[in-house]
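A short worksheet on the structure shown next.
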Amino acid sequence: MIARARSVTVRFGARTALDDVSVDVPAGQVVALVGGDGAGKSTLLRTFVGAVIPDSGTVAAPGKHEIGFLSAGPGSWAALTVRQNLDFVGGIYGLAGAELEDRRERLIDGSGLRVAADRLASALSGGMRRKLGAAMAMIHRPSLLILDEPSTGVDPVSRIDLWRMISEAAADGAAVLMSTTYLDEAERAADLVVLDGGRILTQGSYDDVRAGFTGVITAAASPTRPQWSWRRGRQRHEYWPDGRPDVDAPTVTPDLEDIVIALSMTRRQEATA
Ligand SMILES: Nc1ncnc2c1ncn2[C@@H]1O[C@H](COP(=O)(O)OP(=O)(O)OP(=O)(O)O)[C@@H](O)[C@H]1O
């Protein structure tokens with residue numbers, strides 16, 4: 001195991017950002033951290049890079065030189081060009097000469113940034129800037145790659161570039177832990193960790209998560225219990241935790257979005273009960 005968190009709890013004053021969270025990040029795999037705003041995703045990622053120290057529990061990770069980190073912030077220097085940004089971080093990690101040039105140019109191609117290679121980072125679109133930040137995080141072939149929402153603001157076509165880069169880093173042997181709010185892309189990861197309110201709602205492969213989901217989801221034009229329903233396309237889905245729908249509506253096979261919403265609703269109902 002390249003990195004591991006065990007029973008990690010983090011508090012900021014009275015607020016518990018993470019509550020008893022355990023995650024394994026194996027070499028060669030992509031683990032996707034999923035959850036809404038404030039779920040605790042950034043806090044968990046920051047414990048792996050030593051930027052947040054847990055109040056209890058343990059985090060094991062490689063040394064700083066072996067970690068590549070794309071934070072939730074800009075991730076690059078606005079006053080440097082794409083090439084200069086990559087050269088700068090490459091230099092910090094001891095890359096130089098032909099090796100650095102080769103790695104830099106490969107990442108520029110892999111990220112689809114060839115047309116913008118000599119443009120200042122401040123003049124890039126938000127999506128291009130995320131891709132540059134991801135390329136910078138992986139330039140030194142770290143054994144642990146931590147990416148905080150690399151695809152937020154990236155258009156669907158560029159997200160394909162980004163996913164190729166991330167998959168290649170994993171195929172190269174890196175352990176990858178990334179957060180995302182896009183559930184369709186999380187379904188592609190080897191492992192999923194679904195967080196809500198600092199707690200893990202479910203984790204494992206997408207198949208494990210589906211197999212572990214209990215209850216029934218129905219689809220109808222209007223739900224009978226609005227607090228247990230959400231919009232999907234032209235219909236509303238409704239969750240029946242006990243598996244016994246009280247309506248004559250068709251049941252649906254839940255996808256990750258349905259599962260995450262249903263589990264989050266259950267947790268919130270329990271929290272307010
Ligand atoms: N430095 C901090 N001081 C105080 N509270 C914090 C701090 N960092 C995070 N929090 C709180 O901890 C909780 C988890 O935040 P975190 O940023 O980890 O969530 P997130 O899942 O990454 O959400 P987002 O996608 O909105 O960033 C939130 O309630 C947040 O307000």
Side-chain angles (χ1 to χ4, degrees), residues 3-25 30-61 67-76 126-127 129-131 133-134 137 144-156 158-159 162-163 166 175-189 191-204 206 209 230 256-272:
R4 159 176 285 171
R6 277 289 162 275
S7 302
V8 166
T9 294
V10 173
R11 291 187 201 89
F12 296 109
R15 188 186 302 276
T16 301
L18 292 175
D19 188 0
D20 197 23
V21 169
S22 296
V23 174
D24 285 341
V25 197
V30 180
V31 178
L33 207 52
V34 176
D37 292 340
K41 304 181 298 297
S42 295
T43 304
L44 180 58
L45 297 182
R46 287 161 55 79
T47 64
F48 281 100
V49 299
V52 169
I53 307 299
D55 290 283
S56 62
T58 55
V59 176
I67 299 181
F69 178 45
L70 170 62
S71 74
S76 53
R129 201 135 183 209
R130 281 325 268 160
K131 291 198 291 185
L144 176 64
L145 188 55
I146 305 271
L147 304 170
D148 197 342
E149 298 199 15
S151 53
T152 295
V154 179
D155 70 64
S158 292
R159 276 165 68 193
L162 197 55
W163 261 95
I166 294 169
V176 183
L177 178 62
M178 58 170 287
S179 61
T180 178
T181 51
Y182 300 112
L183 298 176
D184 55 331
E185 94 182 359
E187 287 175 1
R188 303 173 40 162
D191 262 304
L192 290 165
V193 178
V194 180
L195 277 179
D196 186 60
R199 294 223 194 118
I200 292 184
L201 294 181
T202 180
Q203 72 190 124
Y206 184 30
V209 165
W230 58 96
L256 187 59
E257 185 168 340
D258 288 316
I259 293 172
V260 168
I261 294 172
L263 293 177
S264 303
M265 281 181 167
T266 309
R267 197 193 72 81
R268 284 169 203 187
Q269 300 278 342
E270 283 168 2
T272 55

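Every number for a ligand or one of its atoms is a count from 1 in the order of the listing.
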Nearest non-hydrogen protein atom, atom 29 (O) of ligand 1: Arg15 CD, 3.0 Å
Protein contact of atom 12 (O) of ligand 1 - nearest heavy atom, named by residue and atom, plus distance: Ala17 CB, 3.3 Å
Protein residue, atom and distance nearest to atom 9 (C) of ligand 1, heavy-atom basis: Phe12 CE1, 3.5 Å
Considering the heavy atoms of Glu149, write down every atom of ligand 1 situated less than 4.0 Å from one of them. 25 (O)
Compare all side-chain heavy atoms of Val30 with those of Ile166 and state whether any distance is below 4.5 angstrom. yes
Dump the intermediate steps for side-chain contact (heavy atoms from CB on, under 4.5 Å) on Leu145 and Leu177, then the final yes or no. CA-CA 6 Å; Leu145 188 55; Leu177 178 62; over 6 Å; no
Distance from atom 15 (O) of ligand 1 to nearest protein heavy atom, with residue and atom: Thr43 OG1, 3.8 Å
Note, Val34 side chain near Leu195 side chain (heavy atom, < 4.5 Å): no
Please check if the side chain of Gln203 supplies one atom and the backbone of Ser22 the other of a donor-acceptor pair under 3.5 Å. yes
Ranked by distance from atom 19 (O) of ligand 1, the top protein heavy atom is Gly40 N, 3.2 Å
Check this for me - ligand 1, Ala39, N or O atoms closer than 3.5 angstrom, yes or no? yes
Quick one: nearest non-hydrogen protein atom to atom 17 (O) of ligand 1, plus distance? Ser42 CB, 3.7 Å
Tell me whether Ser179 reaches ligand 1 (any heavy atom closer than 4.0 angstrom to a ligand atom). no
Between Thr180 and the options Lys41, Glu149, Glu185, Arg188, the side-chain hydrogen bond (donor to acceptor under 3.5 Å, both in side chains) test singles out Glu185
With a 4.0 Å cut-off on heavy atoms, is Ala72 in contact with ligand 1? no
Looking only at protein heavy atoms, which one is nearest to atom 23 (O) of ligand 1, and what is the separation? Gly38 N, 2.8 Å
Passes side-chain contact (heavy atoms from CB on, under 4.5 Å), Leu147 versus Ser179? Steps please. CA-CA 7 Å; Leu147 304 170; Ser179 61; over 6 Å; no
Within the supplied structure, the quantity of interest is the number of heavy atoms (other residues, nucleotides, ligands) at a distance under 6.0 Å from Arg199 CZ; does it exceed 12? no
May I ask you to decide if Thr152's main-chain N or O and Arg130's side chain share a donor-acceptor pair within less than 3.5 Å? no
Could you list which atoms of ligand 1 come closer than 4.0 Å to a heavy atom of Asp37? 23 (O), 25 (O), 26 (O)
